[in-house]
Amino acid sequence: TKSDQKSPSPVPVPDDLPEMEYRKLGNSGLRVSAISLGGWLTYGLNVNDEAGYSCIKAAYDAGINFFDTAEGYAGGKNEISMGNAIKHFKWKRNDLVISTKIYWGSANGEIKANNVGLSRKHIVEGLNLSLERLQLDYVDIVYAHRPDRT
């Protein structure tokens, strides 16, 4: 099974990569890598944990500090995979910029009424569940995954 795969095969980072550029994110005070790594159709869904860890580690080794996920990616499994990778590699939280997105909520419950959208209730509860899946105390950025037309 996916969880039985303990040690990822390393993906070598080429020696000739330029040094990662970091940019200010608006006036937030955050400095993020010019390239981020997200996992919409990959981690927790179409890529097993070993391959996912290997890709995430290669990104980190290349200087990427900005990792993006969402409550709706793979029904929350993407956040679980990302959180497990952070824990597996024992990365310091202050070295990472983690974002997630709120709206879809498919991982949060069966009844859509308050598990989808951008109500205060869903933002608070959805974010708490995202933090639980990520195994983190906080994320640096929370995006509205789409406008709430209701």
Side-chain angles (χ1 to χ4, degrees), residues 1-6 8 11 13 20-150:
T1 65
K2 285 182 177 182
S3 61
D4 293 335
Q5 299 168 354
K6 304 276 187 222
V11 172
V13 176
M20 181 58 65
E21 178 183 335
Y22 298 92
R23 299 176 180 168
K24 292 180 185 177
L25 184 65
N27 62 1
S28 69
L30 288 174
R31 292 181 47 88
V32 298
S33 50
I35 300 171
S36 68
L37 181 69
W40 176 34
L41 295 174
T42 50
Y43 315 117
L45 183 65
N46 293 315
V47 174
N48 67 34
D49 285 346
E50 181 179 358
Y53 285 5
S54 185
C55 290
I56 293 167
K57 175 85 165 71
Y60 180 88
D61 290 347
I64 292 175
N65 73 344
F66 186 11
F67 296 89
D68 176 66
T69 186
E71 65 174 351
Y73 292 171
K77 292 177 186 168
N78 178 266
E79 291 174 323
I80 292 168
S81 183
M82 185 68 70
N84 286 342
I86 293 166
K87 189 174 185 176
H88 175 83
F89 293 113
K90 298 179 173 83
W91 290 330
K92 293 181 180 177
R93 179 63 184 87
N94 58 309
D95 288 333
L96 306 171
V97 177
I98 306 294
S99 66
T100 193
K101 296 179 232 39
I102 300 291
Y103 182 87
W104 298 109
S106 59
N108 302 340
E110 297 176 13
I111 301 172
K112 285 186 174 183
N114 290 307
N115 287 311
V116 173
L118 297 175
S119 68
R120 181 185 187 282
K121 177 179 179 60
H122 178 63
I123 291 170
V124 170
E125 291 176 353
L127 184 55
N128 284 337
L129 290 167
S130 288
L131 293 172
E132 185 178 307
R133 287 187 292 270
L134 286 161
Q135 303 170 67
L136 298 174
D137 294 328
Y138 66 95
V139 293
D140 301 287
I141 304 166
V142 179
Y143 292 107
H145 209 152
R146 63 171 291 174
D148 192 339
R149 307 259 188 236
T150 60

Measure the spacing between NZ of Lys77 and CG of Asp49 and express it to the nearest 0.5 Å. 11.0 Å
Spell out, as yes or no, whether a donor-acceptor pair under 3.5 Å connects the side chain of Asn78 to the backbone of Thr69. no
Partner set under ring-ring contact (aromatic ring centres under 6.0 Å, His included) for Tyr60, not counting sequence neighbours: Trp91
Quick one: does Asp68's side chain get under 4.5 Å of Met82's, heavy atoms only? no
Taking atom CG as the centre, does Asp95 end up with more than 12 heavy-atom neighbours from other residues, nucleotides or ligands that are less than 6.0 angstrom away? yes
May I ask you to decide if Tyr143's main-chain N or O and Tyr103's side chain share a donor-acceptor pair within less than 3.5 Å? no
Looking only at non-hydrogen atoms, find the nearest pair between Leu127 and Thr100 and report the distance. CD1-CG2, 4.1 Å
Which pair of non-hydrogen atoms, one from Ile64 and one from Met20, has the smallest distance, and what is that distance? CG1-CE, 3.7 Å
Nearest 0.5 Å, what's the CZ-OH distance between Arg133 and Tyr73? 13.5 Å
Tell me whether Asn65 contacts the main-chain N or O of Ser33 through its side chain, where contact means a donor paired with an acceptor under 3.5 Å. yes
What one should report as the nearest heavy-atom pair of Ile102 and Gly117 is CG2-O, 4.3 Å
When you compare the side chain of Ile141 with that of Leu30, does any pair of heavy atoms fall below 4.5 Å? yes
Arg93 charged N/C atom sitting above Tyr138 aromatic ring, 6.0 Å / 45°: yes
Would you name the heavy atoms of Ser81 and Tyr43 that are closest together and state the gap between them? OG-CB, 3.7 Å
With a 6.0 Å cut-off (strictly less than), is the heavy-atom count around CG of Asn94, excluding the residue itself, greater than 12? yes
Please check: side-chain N/O of Ser130 versus main-chain N/O of Gly126, any donor-acceptor pairing under 3.5 Å? yes
Closest non-hydrogen atoms of Ile98 and Ile86, given as atom of the first, atom of the second and distance, are CD1-CD1, 3.8 Å
Short question: side chain of Glu71, backbone of Trp104 - any donor-acceptor pair under 3.5 Å? yes
Measuring only between side-chain heavy atoms, which start at C-beta, is Phe66 closer than 4.5 Å to Arg23? no
Which heavy atom in Ile56 sits nearest to a heavy atom in Ala85, and how many Å separate them? CD1-CB, 3.9 Å
To the nearest 0.5 angstrom, please state how far the OG atom of Ser28 sits from the CG atom of Asp140. 9.0 Å
For the CZ atom of Arg31 and the CD atom of Glu21, what is their distance to the nearest 0.5 Å? 9.0 Å
